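To start, the structure under review is shown below, and the notes come after it.
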Amino acid sequence: MKRSKINIALLLHFISIVMVFESLFMLMAVGVSFYYKEEIAFKMLLSFAVTFVSGVALNVLTRRERYHEPSIRESFVIVCMAWVIMGLVGTIPYQLTNSIPSFTNAFFESFSGFTTTGSSILADIEALPKSILFWRSETHWIGGMGIIVLVVAIMPFLKIHGIYLFYSEASNVDNEKISTRIRKVARNLWLIYMGLTVAEIVFLSIGGMPLFDSVCHSFATVATGGFSTKNDSIAGYSPYIQYVITFFMLLSGINFTVHFLMLRRRFKSVFHNEELRAYLLVILFVGGIITLVLYFIHQEYGLESAFRSAFFQVVSIITATGFATADYLQWPVQAILLIGMLMLIGASAGSTGGGVKVIRHVIALKKMKLTFSEILSPNKVKLLHYNGQRVRDEHVTQIMTFIFVYYFIVLVGTMVMLLWTEDLATSFGAVATSMAGIGPGFGTVGPVSNFLHLPAGAKYFLTFLMLIGRLEIYSVIIIFTRTFWRD
């Protein structure tokens with residue numbers, strides 16, 4: 001069998017576009033730096049210049065590839081490499097301004113931002129310049145919907161439809177179509193994404209949060225990232241602010257197709273969406289139980305504060321945002337176990353949230369029920385349906401396989417992490433939170449801790465898990481198979 005060839009020039013061309021886009025976002029952080037008259041303003045400007053000039057130069061050198069359509073194989077490589085390059089380029093502001101002197105720590109922080117994981121190595125966040133805080137939040141916002149989708153949405157001069165790139169990057173388990181044209185789909189997603197961001201900025205500002213903090217927290221919320229401008233995350237803000245962020249985290253964890261259907265007033269389709277109902281049911285059920293646990297067992301909360309803390313943390317974890325208003329590791333064990341369960345469930349498919357995704361669990365449970373029914377009535381033909389449509393057996397198999405592979409990676413990853421930490425809670429928490437893109441975990445990487453103390457090898461391993469989780473496993477793992485590289 002012949003070895004499959006990858007068009008390196010085409011790969012570099014797409015990477016150049018990603019670098020140019022990233023530099024333009026970086027320019028916004030430069031503006032923040034000059035606005036606040038920071039000493040690092042010219043270093044931030046240098047960060048932009050290095051990224052922009054490098055991207056443009058690479059784009060010019062590979063300009064002949066601009067009209068070529070990438071194959072499926074090339075799309076997988078482009079997407080994976082684009083995320084790695086984003087992470088590497090994202091370290092430049094941290095390094096040049098000496099905000100994070102260590103490259104390992106800077107890369108971890110940058111990659112955690114772009115993958116919307118929200119795990120941090122920073123101990124004193126408030127000591128950072130505002131431009132660096134803004135850049136941290138921007139990395140979330142860029143990565144939330146995926147810069148590849150951004151490129152497809154607003155880069156018509158590429159003269160390609162980009163369908164392979166879109167589906168390699170976007171989480172799109174369900175078959176419901178928003179539009180027949182992929183650019184229109186991506187554009188609609190970004191309009192909804194920006195609309196939610198602007199709306200949250202307005203509501204947070206109404207609640208008295210400074211505009212700078214409102215923008216940064218909105219970037220992190222809608223992207224389900226979790227980077228805050230404060231050392232205590234959201235704990236120091238008013239109940240109103242916490243309720244607003246809870247609401248927008250919940251919205252961001254919903255399939256963006258549902259948001260689009262709401263705008264089109266297709267309320268019947270929204271109401272009958274099984275994933276949405278399951279997502280809301282899990283939040284209400286687990287949030288209700290933890291509220292009761294905090295109020296009756298923990299007895300350190302009033303009823304309203306127990307309700308607010310429980311639902312804030314439940315929504316934060318299931319959507320993989322990672323904001324915190326309390327140290328849930330100090331809660332009763334019943335609540336901690338439920339938090340761990342939410343880490344493995346994840347948000348809705350087609351949202352900015354991470355994890356296995358609710359839809360896969362819904363279909364897996366339907367398959368289990370169907371299997372039990374077939375055992376009891378082997379002569380009856382039963383079909384699996386989702387949202388009123390039959391789910392083909394091969395799709396069910398793919399979903400069940402994904403869930404198995406996901407949990408297998410978490411298990412193996414935990415054993416690998418034990419080589420560095422020798423602490424089961426920390427190892428499992430670090431792996432689970434990296435795979436699901438949550439941020440805080442258990443043990444020494446809980447909501448009031450950080451990842452600074454972990455060895456360099458552990459940090460690079462966790463960044464790899466962030467990539468696997470962000471790109472839904474297969475997009476990364478398949479590149480390391482022999483089959484991928486052969487015709």
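In this text, all values refer to a predicted model and were calculated from it rather than measured experimentally.
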Item to check | Candidate pair F219 and H140, rule ring-ring contact (aromatic ring centres under 6.0 Å, His included), full reasoning | outcome: CA-CA 7 Å; F219 282 174; H140 274 340; 9.8 Å; no
State the [atom1]-[atom2] distance between [X] and [Y], to the nearest 0.5 angstrom.
{"X": "I297", "Y": "Q334", "atom1": "CD1", "atom2": "CD", "answer": "4.5 Å"}
{"X": "W331", "Y": "I339", "atom1": "CH2", "atom2": "CD1", "answer": "5.5 Å"}
{"X": "I289", "Y": "L337", "atom1": "CD1", "atom2": "CG", "answer": "11.5 Å"}
{"X": "N273", "Y": "N387", "atom1": "CG", "atom2": "CG", "answer": "5.0 Å"}
{"X": "T224", "Y": "M249", "atom1": "OG1", "atom2": "CE", "answer": "10.0 Å"}
{"X": "I192", "Y": "M194", "atom1": "CD1", "atom2": "CE", "answer": "10.5 Å"}

Do [X] and [Y] have a side chain donor and acceptor closer than 3.5 Å?
{"X": "T319", "Y": "T321", "value": "yes"}
{"X": "T221", "Y": "E200", "value": "yes"}
{"X": "T229", "Y": "D213", "value": "yes"}

Next on the checklist: If you count every heavy atom of other residues, nucleotides or ligands that lies below 6.0 Å from F404 atom CZ, does the total exceed 12?
Outcome noted: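 No, not enclosed.
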Checklist entry - Quick check: are there more than 12 heavy atoms from other residues, nucleotides or ligands sitting under 6.0 Å from OH of Y301? => result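 Count over threshold, so yes.
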Item to check | Qualifying residue for side-chain contact (heavy atoms from CB on, under 4.5 Å) with S228, from S137, S233, C216 | outcome: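 One option only clears the test, and that one is S233.
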Under the 3.5 angstrom rule, does the side chain of [X] hit a backbone N or O of [Y] as a donor-acceptor pair?
{"X": "K357", "Y": "I345", "value": "no"}
{"X": "Y328", "Y": "V314", "value": "no"}
{"X": "R470", "Y": "G143", "value": "yes"}
{"X": "N255", "Y": "S351", "value": "no"}
{"X": "S373", "Y": "K369", "value": "no"}
{"X": "S309", "Y": "A306", "value": "no"}

Next on the checklist: As a test of understanding, state which of F134, W190, W135 forms a ring pair (Phe, Tyr, Trp, His ring centres under 6.0 Å) with W141.
Outcome noted: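 Result: among F134, W190, W135, W190 is the only option passing the ring pair (Phe, Tyr, Trp, His ring centres under 6.0 Å) with W141.
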Checklist entry - Do Y237 and H217 have ring centroids that are under 6.0 Å from one another? => result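 Yes, they do, as the ring centres are separated by less than 6.0 Å.
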Next on the checklist: Quick check: F307 with F311 (ring centres under 6.0 Å apart)?
Outcome noted: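 Centroid separation for F311 and F307: below 6.0 Å.
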Item to check | All side chain to side chain contact (heavy atoms under 4.5 Å, CB included) counterparts of F402, not counting sequence neighbours | outcome: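 Once residues adjacent in sequence are excluded, the partners of F402 under the side chain to side chain contact (heavy atoms under 4.5 Å, CB included) criterion are V356, R360, Y406, E472, I473, Y474.
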Item to check | Contacts of L411 that satisfy side chain to side chain contact (heavy atoms under 4.5 Å, CB included) - sequence neighbours left out | outcome: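 With sequence neighbours excluded, L411 shows a side chain to side chain contact (heavy atoms under 4.5 Å, CB included) to M415, given in chain and number order.
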Checklist entry - How are the rings of F480 and F464 set relative to one another: parallel (under 30°), tilted (30 to 60°) or perpendicular (over 60°)? => result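 F480 vs F464 ring planes: perpendicular.
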Checklist entry - According to the interplanar angle, ranging from 0 to 90°, do the rings of Y407 and H361 count as parallel (below 30°), tilted (30 to 60°) or perpendicular (above 60°)? => result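 Because their plane-to-plane angle lies in the 30° to 60° range, the rings of Y407 and H361 count as tilted.
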Nearest heavy-atom pair of [X] and [Y]: which atoms, and what distance?
{"X": "G87", "Y": "F111", "answer": "CA-CD1, 3.9 Å"}
{"X": "L250", "Y": "V315", "answer": "N-CG1, 3.5 Å"}
{"X": "F323", "Y": "A220", "answer": "CZ-CB, 3.6 Å"}

Output side-chain donor-acceptor pairs under 3.5 Å for residues 428-439, partner residues at least two apart or in another chain, one line each.
from : atom 1 : to   : atom 2 : distance (Å)
T433 : OG1    : G439 : N      : 2.7
T433 : OG1    : G439 : O      : 3.2
T433 : OG1    : P440 : O      : 2.9
S434 : OG     : A430 : O      : 2.7

Next on the checklist: For R277, give me all partners under salt bridge (Lys or Arg N to Asp or Glu O under 4.0 Å), at least two apart in sequence or on another chain.
Outcome noted: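 Per chain and number, R277 pairs via salt bridge (Lys or Arg N to Asp or Glu O under 4.0 Å) with no residue.
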Checklist entry - What pairs with T117 under side-chain hydrogen bond (donor to acceptor under 3.5 Å, both in side chains), at least two apart in sequence or on another chain? => result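 T117 satisfies side-chain hydrogen bond (donor to acceptor under 3.5 Å, both in side chains) with T115 only.
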Next on the checklist: Taking salt bridge (Lys or Arg N to Asp or Glu O under 4.0 Å) as the cut-off, I'd like each qualifying pair that reaches into residues 391-412, sequence neighbours left out, listed once.
Outcome noted: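 Output for this query lists R392-E394.
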